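Sequence lines set the chain letters: A, B, ... in the order given, protein chains first and strands last, and positions in each chain run from 1. The analysis underlying the following values was restricted to heavy atoms, covering all of them including side chains, and did not include hydrogens, waters or symmetry mates. Just so it is clear, the structure is predicted and the values come from calculations on it, not from any experiment.
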Amino acid sequence: MSSPVDRSFPIALPEKPALEGLEQKWNARWEEQQTYQFDRSRPRADVYSIDTPPPTVSGSLHIGHVFSYTHTDVIARFQRMRGKSVFYPMGWDDNGLPTERRVQNYYGVRCDPSLPYDPSFQPPDTPPKQPISISRPNFVELCGRLTTEDEKVFEGLFRHVGLSVDWKLTYATIAPNAQRVSQAGFLRLLKRGLAYQHEAPTLWDVDFKTAVAQAELEDREQPGAYHRIRFARPDGSAIEIDTTRPELIPACVALVAHPDDERYKPLFGTEVVTPLFGVRVPIRAHALADPEKGTGIAMICTFGDLTDVIWWRELSLPVRAVIQANGTLKPLTWGSAGWETDDAVRAQAAYEQLVNLPASKARTKIVELLRESTDLLGEPRPITHPVKFFEKGDRPLEIITSRQWFIKTMEFRETLLERGRQMQWHPEFMRHRFENWVNGLAGDWCISRQRFFGVPIPVWYPVGPDGNADYSKPLCPAETRLPIDPSTDAPEGYVEAQRGKPGGFVGDPDIMDTWATSSLTPQIAGGWIDDPDLFARVFPMDLRPQGHDIIRTWLFTTVLRAHLEHDSLPWTNAAINGWVLDPDRKKMSKSKGNVVTPIGLLEEFGSDGVRYWAANVRPGGDPAFDPRDPGQIKIGRRLSIKILNAARFALLQSEPRGTITESLDRGMLTALDKLIGEVTEHLDAYDYARGLERAETFFWAFCDDYLELVKGRRYGDFGSDAAASANSAILVALDTLLRLFAPYLPFVTEEVWSWWRPGSVHRSSWPSSTDVLSPIGGRDEAALAVRLATQDGLAEVRRLKSLLKKPTKAVIARAVLPSRFAGLQPAARDFQAATHIRDLSFGDVDEAQLEFAEEGPAPGAAGV
RNA sequence: GGGCGGUUAGCUCAGUUGGUAGAGCACCGGCUUUACACGCCGGGUGUCACAGGUUCGAGCCCUGUACCGCCCACCA
């Protein structure tokens, strides 16, 4: 790097510097110069790699994206300036339900996997009222088309914000290489017995008609009602139970009470008969039954909730499932096997009124029937209770038995907790969220989804002579064939014509959970399968930035996959960002209508202003943001403008230059050395907010105090050498400050840099002690003290002048300052010039004594 | 029920090993001051949520409580 006092690069200053247009100007230049290109020739030790969160491509970016991606970008820019080759890719999560839903609505189509591919299909210009059914490949094509459009918009916004991503390193979770990685990861786990399939009761969304995982659940408070229902005993007496789901009475397989409950102890082992359906069910004992709840005895159905699943499994109860995949009650014949009843005619008559109704409607209907049969005691008592929903779903989850694929997690819980402890968390307390989740895991990870747009489960099953598929013997493709789609590709040793035929094969119809692919983002971005050389240079990565809401999904599953596949952490640091909240401290969401889109703010206040706001929030903080009162964004804009103007001022008067001899100059550079240390330390600790705060505080004092104090000297009041000292010091300071601000305010710093320095500030080196101390031959503690005393003295005189309502330029003929300010004497010339004091002395006074001149020029003050 | 974070000026928030409570915004007053009026200077009486404890000394450490937010568990 060239010295700041070298004159080889000409200074070219604009007449009236402004922030407007800097984004377009510099983004074009950065793209042309490939300023943020990753240098893959560097060894792992010289690389800083980032596992960038791939935003979900299903609509538009909001202010929260700008917020969190800015944090990452600050770190990326800092590491780049520290000399690292920064691997900063961008991914698009365009795989999964949100995309499917958007495509359905946008084009007015529905996927019907039974249809053949139609190469000529084009969606109509406007979506029809009645959705058009199309094949899976056609549907996937439309997903690809729409996400490509969305991704262009996303990239444009991220570039506008100034993310220093290497845009050649983009990936998409639905793209072939991501599918290859995802499928290879699955097949390797399958080979090692870590992925398995299992037929079991599974959480099920009746609208999406798919299984969902524990991590995708959320509770919602829903209105409901307790219904007191009578179950008859053989002796004619009755047992009363409370239920919120009377429509599941046909699915009842037992009643259950606590083993120590004296009221029911005598009844354990006896039978009762279900109302309306006349099914004999046993009364059983289980510790999970709560004597305090309802009547203390509950109905076990297959399946009303997860507790039913536990009871059913642990008490070895039969299955009598009535809810089918679409959430309605399935047709069935009472009296047939598994549906034995004391009165099949009556049961069938009752059930006919419920069949094919969705659960909520069936509930209303069965209440009528129970009321008629007098089995409903009293009226339903309304309550509000938490009900489990798929986080993206609209109706309560059901529990449906189906064949699903799982990845083993339960047996690794202890190891995963240890992995969590090996990782650096920023902020540290976010670690608890991870541990909390791991400790609360209830089962292995269900990864299969009965959806269409995603990475297919890459296996087939042989079809026996009887025409039935044998799920116990999945047929796996060779890894070199990946990615494959078992619905259109045939397994090795078979031909397509054998699909579905006896002696042939069938493809697994399911796709993987989006997290099953996203959990491999370090492997996808890093070239695990396709580019081992690259992978060795970037993995394990340095940083995973992400939100705390997806610790249980993305973070957890990524740690799991890296552990299973590489026996390592996926990255060494997890930086967890908070959420941007609305002014009422509520999370922004589309349904609340409080989502703030960033583009208007970026255009009005400039990207640097918005970045300043983002970087000002401490790590993990949840800032409240009111778009009507842009607060910190305006401050960021003001800071950026100040940098433009201060730099212009510094560079307007850059001659003469020479040795830095004056106390204030030497003290300022000594303080700057301390600042470099602090900002570096904070950024190293991922505390971008504190780093910015320190730099900002220094900079405002630099402008308002230091530059004001040395202004006269720069104009030559005290001779050429004294002016040269100031000019040289200012150039060192400007050069340093621009580099300290560069990670935060990339546009304005680059603009100023371009006025007088070669290359890009973002490719310059991070400031060091040497940069600021070598021009003054090391730290000058005495000068530092002079600087402090002078600043205090300046504040004191300013205060008194303001108190006395004197103009700033009012001349003070004589001033006696309290002796505590005497430390400023080595800088008395500068001090007097800035305060317009002609005759300065120090004495034993409590407050400065100022004697104002009637009129006349200030001593040596230029331009006054 | 378990866990995590927060509570400091009207508002948004800093406050790093305990040592005289801070910034910005807003508000008020002053200043055409040759880098910047998108500017500059000045103006702060706050039960640091509450109660107790440790300490010479607590916004900071300990115990408890309240309220706000989030995560998890429960869900008959």
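- In this structure, A/I383 and A/C703 both approach RNA chain B, and ranking their closest nucleotides by distance from the 5' end singles out A/C703.
- The pairing partner recorded for B/U55 is none, the criterion being a Watson-Crick or G-U wobble arrangement whose two distances lie under 3.5 angstrom.
- The partner of B/C40 is B/G30, judged by Watson-Crick or G-U wobble contacts that both fall below 3.5 Å.
- In this structure, A/L709 places its CG atom 12 Å from P of B/C41, rounding to the nearest Å.
- For A/K711, a side-chain nitrogen or oxygen approaches OP1 or OP2 of B/A35 to under 4.0 Å.
- Classification of the A/F67-A/W613 ring pair by plane angle, with boundaries at 30° and 60°, yields tilted.
- When Watson-Crick and G-U wobble pairs are counted only if both distances are under 3.5 Å, B/G1 pairs with B/C72.
- Distance, A/L803 CG to B/G29 P: 16 Å, rounded to whole Å.
- Between A/R313 and A/D308 there is no salt bridge, since no side-chain nitrogen of the basic residue lies less than 4.0 Å from a carboxylate oxygen of the acidic one.
- Proximity note for A/S802 (side chain, C-beta onward) versus B/C41, B/C74, B/A35: the nearest is B/C41.
- Side-chain proximity of A/W700 to B/C40, B/A35, B/U33: nearest is B/C40.
- Remark: A/K674 is not positioned above the aromatic ring of A/F698, lacking an NZ or CZ atom under 6.0 angstrom from the ring centre and at most 45 degrees off the axis.
- With salt bridges taken as basic N to acidic carboxylate O contacts below 4.0 Å, one links A/R552 and A/E391.
- The separation of B/A23 from B/G44, taken at their C1' atoms, amounts to 12 Å, rounded to a whole angstrom.
- Distance from the side chain of A/H682 is smallest to B/U16 among B/U34, B/U16, B/C38.
- One interatomic measurement links the two molecules: CD of A/E15 to C1' of B/C36, which rounds to 13 Å at whole-angstrom precision.
- Within 4.0 Å of A/Q653, counting heavy atoms only, lies no atom of the nucleic acid at all.
- The partner of B/C11 is B/G24, judged by Watson-Crick or G-U wobble contacts that both fall below 3.5 Å.
- Within the 4.0 angstrom heavy-atom criterion, no nucleotide atom of any strand lies near A/D308.
- In the interface, the side chain of A/D219 is paired with the base of B/C74 through a donor and an acceptor atom under 3.5 Å apart.
- When the nearest nucleotides of RNA chain B are assigned to A/T243 and A/A215 by heavy-atom distance, the more 5′-ward of the two goes with A/A215.
- Residue A/R638 contributes atom CZ, which lies 14 Å from atom P of B/A23 at whole-angstrom precision.
- Straight-line distance from the OH atom of A/Y612 to the C1' atom of B/C25: 11 Å, rounded to whole Å.
- Rounded to whole Å, the P atom of B/U20 lies 41 Å from the corresponding atom of B/G1.
- The cationic atom of A/R220 (NZ for Lys, CZ for Arg) lies less than 6.0 Å from the six-membered ring centre of A/F389 and within 45° of the ring axis.
- Summarising the base pairing, B/G64 is matched to B/C50 through a Watson-Crick or G-U wobble pair whose two defining distances lie under 3.5 Å.
- Taking atom C1' in both B/U8 and B/C48, one finds a spacing of 4 Å when rounded to whole Å.
- Residue A/K16 has a polar side-chain atom (N or O) positioned under 4.0 Å from OP1 or OP2 of B/A37.
- Heavy-atom contacts from other residues, nucleotides or ligands closer than 6.0 Å to CD of A/E414 number 12 or fewer.
- Note: NZ (A/K293) to C1' (B/A73) measures 11 Å, nearest angstrom.
- Residue A/K642 places at least one side-chain N or O closer than 4.0 Å to OP1 or OP2 of B/C40.
- Counting non-hydrogen atoms under 4.0 angstrom, A/I635 reaches the backbone sugars and phosphates but no base.
- B/C25 sits 11 Å from B/C41 when the P atoms are compared, rounded to a whole Å.
- In this structure, A/F556 and A/W437 have perpendicular ring planes: the angle between them is above 60°, well past the 30° mark.
- At the heavy-atom level, A/K805 lies under 4.0 Å from the strands shown only through sugar-phosphate atoms.
- In this structure, A/C301 reaches neither bases nor backbone, as no heavy-atom distance under 4.0 Å exists between it and the strands shown.
- B/C11 sits 14 Å from B/G46 when the P atoms are compared, rounded to a whole Å.
- Look at CD on A/E428: it is 18 Å from P on B/U16, rounded to the nearest Å.
- Under a 4.0 Å N-O distance rule, the pair A/R637/A/E20 qualifies as a salt bridge.
- Side-chain rings of A/Y688 and A/H71 approach one another, their centers coming within less than 6.0 Å.
- Relative ring orientation between A/W425 and A/F434 is described as tilted, the plane-to-plane angle lying within the 30° to 60° band.
- Here the separation of B/C61 from B/G2, taken at their C1' atoms, is 25 Å to the nearest Å.
- Using atom P as the reference point in both B/G59 and B/G53, the two lie 15 Å apart (nearest Å).
- Spacing between B/C28 and B/G64 at atom P, rounded to whole Å, works out to 47 Å.
- Nucleotide B/C36 holds its C1' atom 9 Å from the CZ atom of A/R648, rounded to whole Å.
- A/Q214 has no side-chain polar atom (N or O) that falls below the 4.0 Å cut-off from OP1 or OP2 of B/C71.
- With respect to the salt-bridge test (charged N to carboxylate O, under 4.0 angstrom), the residues A/E796 and A/R798 do not qualify.
- Within the 4.0 angstrom heavy-atom criterion, base atoms lie near A/T808.
- Heavy atoms of A/T697 sit nowhere under 4.0 angstrom from any nucleic acid atom.
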Summarise protein proximity over nucleotides 3-14 of chain B in one line of letters, 5' to 3': B for base, S for sugar-phosphate only, - for none, counting protein heavy atoms closer than 4.0 Å. SSSS------SS

